[in-house]
Amino acid sequence: MAASSLIDIGGNTNEAGGPRQSDLDKCVHCGLCLNACPTYRELGVEMDSPRGRIYQMNQVANGAPISADYIRHMELCLACRGCETACPSGVPYGHLIEAAREQIEQQRKRSLPVRLFRSFLLRKLIPSRGLLTAAGMGLYLYQASGFQRLLRAGGLLNLFGPLGSIEALSPNAEFPFFFPKIGRTFPADGERKYRVAFLAGCIANIAFARLNEATVRVLQKNGCEVVVPADQSCCGALAVHQGMKDEGRRLARINIDAVDLDEFDAVITNAAGCGSTLKEYRHLLEQDAAYRDTAAAFVAKMRDITEFLAAIGLRGGMRPLNVSVTYQDSCHLAHGQKISAAPRKLLRSLPGVTFREMPAADVCCGSAGVYNLVEHEMADQLLRHKMESIATTKAEVIVTANPGCMLQLEAGARLYGEGQRVLHVVQLIDEAYRPIV
Ligand code: SF4
Ligand code: SF4
């Protein structure tokens, strides 16, 4: 491939807003990433493999138009970064696909209603506690009133086409929400050994309120005073993955300002997808002289909950759980943050847990942020294969490390599995600390 005449600038992009040529040039076309790529495994199509996508990005960087075909191949990518782990040449594929999508987003002509909806969703609803609470209450009433059960049982949702499929993946609104706990401090159980800041996410405050509570409890049990910073916001992952980096940067600055780093030993998240973006803040704010250094300091203290707990070691006082467990790697933990040993170490250390590794545990389950909503067919195909893989372990509980993966796996257990329980690592630890009632 001839070198592009476009000049690389900071923040992953060249001067035309596409992927940096220096990043593209790291690919030596060896194909060692192909078998790690879920879309290539499903379709066997080169242009839906990492190598094929990089080839197409190169063509665009060299003047080819951004065609509908190009957009389609980029959209079908899960951004799971399995290829990054497999690549021996250090190709920063996550940066490449982010930049490619940002460039597409800048050039594509969406209809006004679609633009307004996306903008409202990503710039207004998700970062707003008030609007999310109102939406969460609506969802809670829909579910608690029995209306959802009625629609599902009567098959009426099928009348709504893709909306019906999306509804099947909608999370449960967990009332009371976690939002009122933002701004509070939770003391350590016993002697305080650490002081940590907990970033509670955005939608998770509604759909994973119990997970957030379990996270705080487990940290307390392990000698942490837990502060939930009052001024925190959404991490920006959804915006960044949808090609709205400006919004991602805005949210990054809010979160950095919300945490007084000198006061904390670590900043914790329980969502691998968020953690992956939170650890990219330095990169995201590379061009921002006012924030670049603070962003680097923020990233240095950022820890996934499994990473932090495995490093400090779990305190004793747990009861035997007597359960068989398998672990699904969350892509943004295993590939985005290169953390796969820590959650396994924690699970194996729990009393009464029989750990059974599934084949291809690090291949995406099809969740991938909002991928399962917008690419339902491929996500469903991946989920069915994932459930087959899980079935070989005969495990009673499927454990993972990201709320989005939990939703996808819950749907899998319901639709294609044996109704297995799906838990976050921290929820199983929390159960072990809870006395039998
Ligand atoms: S990010 Fe995932 S889906 Fe996309 S090319 Fe890489 S392995 Fe394939
Ligand atoms: S991305 Fe890496 S593994 Fe894949 S073809 Fe390029 S150099 Fe090889």
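Both counts, for ligands and for their atoms, begin at 1 and track the order of listing.
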Point to revise | Pairing of R249 and E286 as salt bridge, 4.0 angstrom limit | key: no
Exercise for review: For the residue pair I256 and L285, establish whether any side-chain heavy-atom pair is separated by less than 4.5 Å.
Suggested key: yes
Review point. Just which atoms of ligand 2 are under 4.0 Å from any heavy atom in P88?
Key: 3 (S)
Review point. Which ligand 1 atoms, with their elements, are less than 4.0 angstrom from a heavy-atom of R53?
Key: 3 (S), 4 (Fe), 5 (S), 8 (Fe)
Check your understanding: Take atom NZ in K338; do more than 12 heavy atoms of anything else shown fall under 6.0 Å from it?
Key -> yes
Exercise for review: For atom CZ of R282, decide whether the heavy atoms of other residues, nucleotides or ligands shown that lie under 6.0 angstrom number more than 12.
Suggested key: no
**Study point:** Identity and distance of the protein heavy atom lying nearest atom 3 (S) of ligand 1
**Key:** L78 N, 3.4 Å
Exercise for review: Please write down residue, atom name and distance for the protein heavy atom closest to atom 4 (Fe) of ligand 1.
Suggested key: C77 SG, 2.3 Å
Study note, to complete from the structure: Given a cut-off of 2.8 Å, the protein N, O or S atoms lying below it from atom 6 (Fe) of ligand 2 are C27 SG
Study note, to complete from the structure: Within 4.0 Å of some non-hydrogen atom of Y93, the atoms of ligand 1 are 1 (S), 4 (Fe), 5 (S), 6 (Fe)
Check your understanding: Hey, do the aromatic rings of F177 and Y140 have their centres closer than 6.0 Å?
Key -> no
Review point. Would you call D48 and R72 a salt bridge, using N to O less than 4.0 angstrom?
Key: no
**Study point:** For C37, atoms of ligand 1 separated by under 4.0 Å from a heavy atom
**Key:** 3 (S), 5 (S), 7 (S), 8 (Fe)
**Study point:** Protein heavy-atom partner closest to atom 2 (Fe) of ligand 1 - residue, atom, separation in Å
**Key:** C80 SG, 2.3 Å
Check your understanding: Side chain, backbone, both or neither: which part of R81 comes within less than 4.0 Å of ligand 1 when only heavy atoms are counted?
Key -> backbone
Review point. Would you call R53 and C83 a side-chain contact if the rule is heavy atoms closer than 4.5 Å?
Key: no
Review point. Do Y433 and L350 have side chains that get closer than 4.5 Å, going by heavy atoms?
Key: no
Review point. Backbone, side chain, both or neither: what part of Y40 comes under 4.0 angstrom of ligand 1, heavy atoms only?
Key: neither
Review point. With sequence neighbours left out, what residues match R51 under side-chain contact (heavy atoms from CB on, under 4.5 Å)?
Key: H29, L34, E46, S49
Review point. Does atom CG of D246 have more than 12 heavy-atom neighbours from other groups under 6.0 Å away?
Key: yes
